[in-house]
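Since the structure comes first, as structure tokens, the remarks are kept for the end.
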Number of protein chains: 2
Amino acid sequence: MTAGATQPAVRATLEDVARAAGVSLATVDRVVNRREGVRAKTVARVEAAVAKLGYRADVAAARLARGHSFRFAFVLPSGSNSFMTSLTEQVQRTADWLAGQRGFIDIHHVDVFDPDVLASALENLSPAYQGVAVIALDHPRVRAAIDELTARGVAVVTLVSDAPSSRRLHYVGIDNPAAGRTAATLMGRFLAGQGGTVAVIAGSLSLRDHTERQFGFHQILSSEYPNLRALPVIEGRDDSERTRELTATLLARHADLRGIYCCGAGNRGIADALEASGRARDVVWITHELTQYTRRFLVRGTLDAIINQDPGHEARSAARVLLAHCMEEPISHDQERIRIDIFLRDNLP
Amino acid sequence: MTAGATQPAVRATLEDVARAAGVSLATVDRVVNRREGVRAKTVARVEAAVAKLGYRADVAAARLARGHSFRFAFVLPSGSNSFMTSLTEQVQRTADWLAGQRGFIDIHHVDVFDPDVLASALENLSPAYQGVAVIALDHPRVRAAIDELTARGVAVVTLVSDAPSSRRLHYVGIDNPAAGRTAATLMGRFLAGQGGTVAVIAGSLSLRDHTERQFGFHQILSSEYPNLRALPVIEGRDDSERTRELTATLLARHADLRGIYCCGAGNRGIADALEASGRARDVVWITHELTQYTRRFLVRGTLDAIINQDPGHEARSAARVLLAHCMEEPISHDQERIRIDIFLRDNLP
DNA sequence: CAATTTTTGAGGTACGCAACTAAAATTCTG
DNA sequence: CAGAATTTTAGTTGCGTACCTCAAAAATTG
């Protein structure tokens with residue numbers, strides 16, 4: 001048995017460092033917190049002592065002493081599908097957690113699909129906020145609002161949907177073109193050796209994430225799976241009833257329809273239409289977001305795969321990124337990267 | 001724009017509560033921490049004040065005052081494949097993070113594949129540890145060692161590989177039978193409509209996780225994909241060279257070999273044999289764990305899918321669970337559940 | 001060398017809570 | 001109803017750090 005680097009039983013304090021370096025507490029404090037007014041020679045001596053004793057500031061004590069507190073706004077959609085409901089719930093949970101760390105989250109519900117409404121909401125945000133997380137729209141007015149917040153020193157992270165050309169600090173969400181490519185690869189491989197047509201249903205092509213997904217999907221489908229022909233994209237407006245009708249029409253018109261990729265919401269409509277047609281087993285259906293409904297369709301076999309982003313992870317990540325920025329701490333990119341989850345019936349959580 | 005529940009600008013402290021309830025700090029402290037020695041009437045008065053002011057304990061101040069510190073042992077394998085190397089690295093990172101929170105992690109490297117060595121390592125662990133994370137073996141001696149630690153009041157979590165019949169506090173790892181089923185579903189669907197044989201390569205069938213994976217794999221393959229015939233399981237002992245030879249033999253013997261599922265390590269050997277045979281494109285190969293090697297094989301197209309568990313998540317989760325247990329705090333099961341990731345070329349992180 | 005600037009030391013306070021001691025209020029006992 | 005036993009409450013201290021002040025020491029300048 002090999003013991004790893006055993007650490008000291010009890011941590012060194014600032015005072016220990018001061019004693020070891022033969023200087024006063026105040027000097028150690030200046031060095032550790034990179035304040036000026038210390039000779040290079042003394043700095044070196046203190047840093048040596050820090051290294052020797054393995055000194056690490058106690059975060060609890062530091063936070064207490066600093067006494068900072070933070071206030072963040074989360075701007076979420078007022079209209080709600082299952083995913084957004086779940087996201088809101090996770091943000092609420094994150095808020096509870098943050099409340100113990102001197103962080104306060106206010107949730108603002110706005111119609112994020114209207115650029116003007118969203119932009120004014122951002123513009124009228126109380127100046128009390130040090131950070132804002134927003135489901136963004138990639139639109140000039142929204143971009144301007146984000147840039148203005150940033151210019152005022154407010155940290156802005158985009159959540160789920162990005163505004164890449166803005167000055168936002170960070171994007172918390174998945175790589176949507178890659179998600180579309182992932183769906184295409186699954187579709188192509190599940191339909192290996194078969195020919196036919198594949199339908200793509202989006203919520204709206206004015207939503208950046210939906211556009212990016214269908215772009216990625218088409219990219220792979222056309223280059224890798226020439227046996228499959230993609231039909232023109234249909235806009236279901238994330239509405240179940242409308243999506244049901246569109247799907248029913250598709251099924252009626254295209255006897256050779258072998259696949260459906262839905263890169264938005266409205267899944268209940270697709271399931272209804274598919275099951276009513278009796279072709280549920282013959283058509284490969286791939287969609288986004290694990291919800292109580294899509295889970296059921298997947299278990300039942302109507303749905304073949306779900307591409308998912310974890311709203312819990314996204315909510316926590318947004319809060320962590322904002323907090324780290326405010327405390328001038330680095331973030332761990334590994335931990336903050338939002339994965340493109342693939343769920344089959346067998347690996348559902 | 002609807003504002004959510006706006007929280008007070010600055011949080012209430014214990015003293016605010018004491019003043020509001022007309023009692024002393026000490027009394028509030030007893031009520032909040034559920035100590036006894038307070039009349040029911042007073043308790044009610046304090047709780048009302050807590051509710052009214054929305055008091056939440058400041059975790060930083062609480063930790064500082066309590067002054068507790070914790071020491072955990074992580075027992076990891078001394079022999080190393082890529083996954084274990086990566087896990088060790090992540091544990092090291094987690095240790096750095098924990099060091100700021102009064103938590104100390106010592107890493108012990110032992111031969112975890114020998115039950116006796118592993119059991120003695122656990123038995124001889126310093127009594128200074130309040131918690132232990134161990135890559136377990138499901139063996140009577142190991143189980144006994146875990147149970148003894150638990151009896152001594154040490155929190156034990158099993159990591160990556162479980163010992164379900166022991167009294168361990170928690171298992172941090174994936175559901176291995178489900179992972180095997182996931183692999184089988186991918187295999188079956190990628191080979192839809194084709195007949196042929198499928199090989200299963202395990203590291204060793206005496207490892208519980210490998211056995212469980214191949215069990216799940218066979219379960220789904222035989223029930224759902226009768227067109228595919230599984231060959232007897234081969235043991236590659238997680239050794240690349242041996243695995244290469246075995247794979248080459250397989251390819252030579254079975255002209256109708258259409259799939260390979262590797263539920264252990266030794267992937268470099270499989271890649272070599274597959275590429276040398278010229279049948280890399282015709283054989284569906286699915287394996288576990290994303291490493292620098294498997295990533296390359298996936299990108300190149302030799303490998304078709306990776307079933308992954310995130311070592312970073314596992315290391316952090318183990319530390320969080322131990323820490324929460326020691327501080328008698330609840331854990332968020334959502335966040336601690338280790339997902340079965342599926343990686344295709346398109347959704348690689 | 002005196003005047004000035006830079007660097008360092010000593011000490012203190014505050015942060016919000018936990019845990020301890022001592023004192024007060026209440027209940028019980030004979 | 002006094003005095004003891006018990007329950008309930010008040011007061012205090014310390015955790016490790018950040019940040020502040022004031023003065024002393026050292027280095028630099030004219």
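Note that this is a predicted model, so its numbers are computed, not measured.
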Quick one: Y55(A) OH to dA18(D) C1', roughly how many Å, whole number?
-> 10 Å
Separation of dA18(D) P from R34(A) CZ (nearest whole Å) = 12 Å
Under the side-chain hydrogen bond (donor to acceptor under 3.5 Å, both in side chains) test, which residues partner R316(A), sequence neighbours left out?
-> none
Nucleotide dT12(D), atom P - distance to CD of E15(B) in whole Å | 12 Å
Ignoring hydrogens and angles, write down the donor-acceptor pairs under 3.5 Å from the side chains of residues 319-327 of chain A, residues two or more places apart or on other chains.
from, atom 1, to, atom 2, distance (Å)
R320(A), NE, E336(A), OE1, 3.4
R320(A), NE, E336(A), OE2, 2.9
R320(A), NH2, E336(A), OE1, 3.1

Indicate the ring-plane relationship of F72(A) and F70(A), choosing parallel, tilted or perpendicular according to the 30° and 60° boundaries.
-> parallel
To the nearest 10°, let me know how far the axis at one end of the helix from dC1(C)-dG30(D) to dG30(C)-dC1(D) is tilted from the axis at the other, five pairs an end.
-> 30°
Return the value, rounded to whole Å, for the distance between atom CZ of R63(A) and atom C1' of dC15(C).
-> 14 Å
Integer-rounded Å distance: dC20(D) P and N33(A) CG = 11 Å
Checking R71(A) side chain against A128(A) main chain: does a donor-acceptor pair fall under 3.5 Å?
-> no
Would you please indicate if the ring centroids of Y129(B) and H108(B) are separated by under 6.0 Å?
-> yes
Determine the interplanar angle of the H170(B) and H333(B) rings, folded into 0 to 90°, and report it as parallel if under 30°, tilted if 30 to 60°, perpendicular if over 60°.
-> tilted
Pick base, sugar-phosphate or nothing for A60(A), based on heavy-atom distances below 4.0 Å to the nucleic acid.
-> nothing
Whole-Å distance between dC17(C) P and L53(B) CG?
-> 12 Å
Test side-chain contact (heavy atoms from CB on, under 4.5 Å) applied to R93(B) - qualifying residues, sequence neighbours left out = S332(A), D334(A), E89(B), Q90(B)
Contact under 4.0 Å: R66(B) side-chain N or O vs dC15(D) OP1/OP2 = no
Contacts satisfying side-chain hydrogen bond (donor to acceptor under 3.5 Å, both in side chains) that involve residues 34-49 of chain A (not counting sequence neighbours) are D29(A)-R35(A)
In whole Å, what is the span from the CG atom of L64(B) to the C1' atom of dC15(D)?
-> 4 Å
Between the protein and nucleotides 9-14 of chain C, which nitrogen or oxygen pairs are less than 3.5 angstrom apart?
from, atom 1, to, atom 2, distance (Å)
dG9(C), OP2, S24(A), N, 3.2
dG9(C), OP2, T27(A), OG1, 2.5
dG9(C), O6, R30(A), NH2, 3.3

Taking NE2 from H68(A) and P from dG16(C), how many angstroms apart are they, rounded to a whole number?
-> 13 Å
So which nucleotide from dC15(C), dA18(C), dC15(D) ends up closest to the side chain of D29(B)?
-> dA18(C)
Using a strict 4.0 Å threshold on nitrogen-to-oxygen distance, state whether R339(B) and D310(A) make a salt bridge.
-> yes
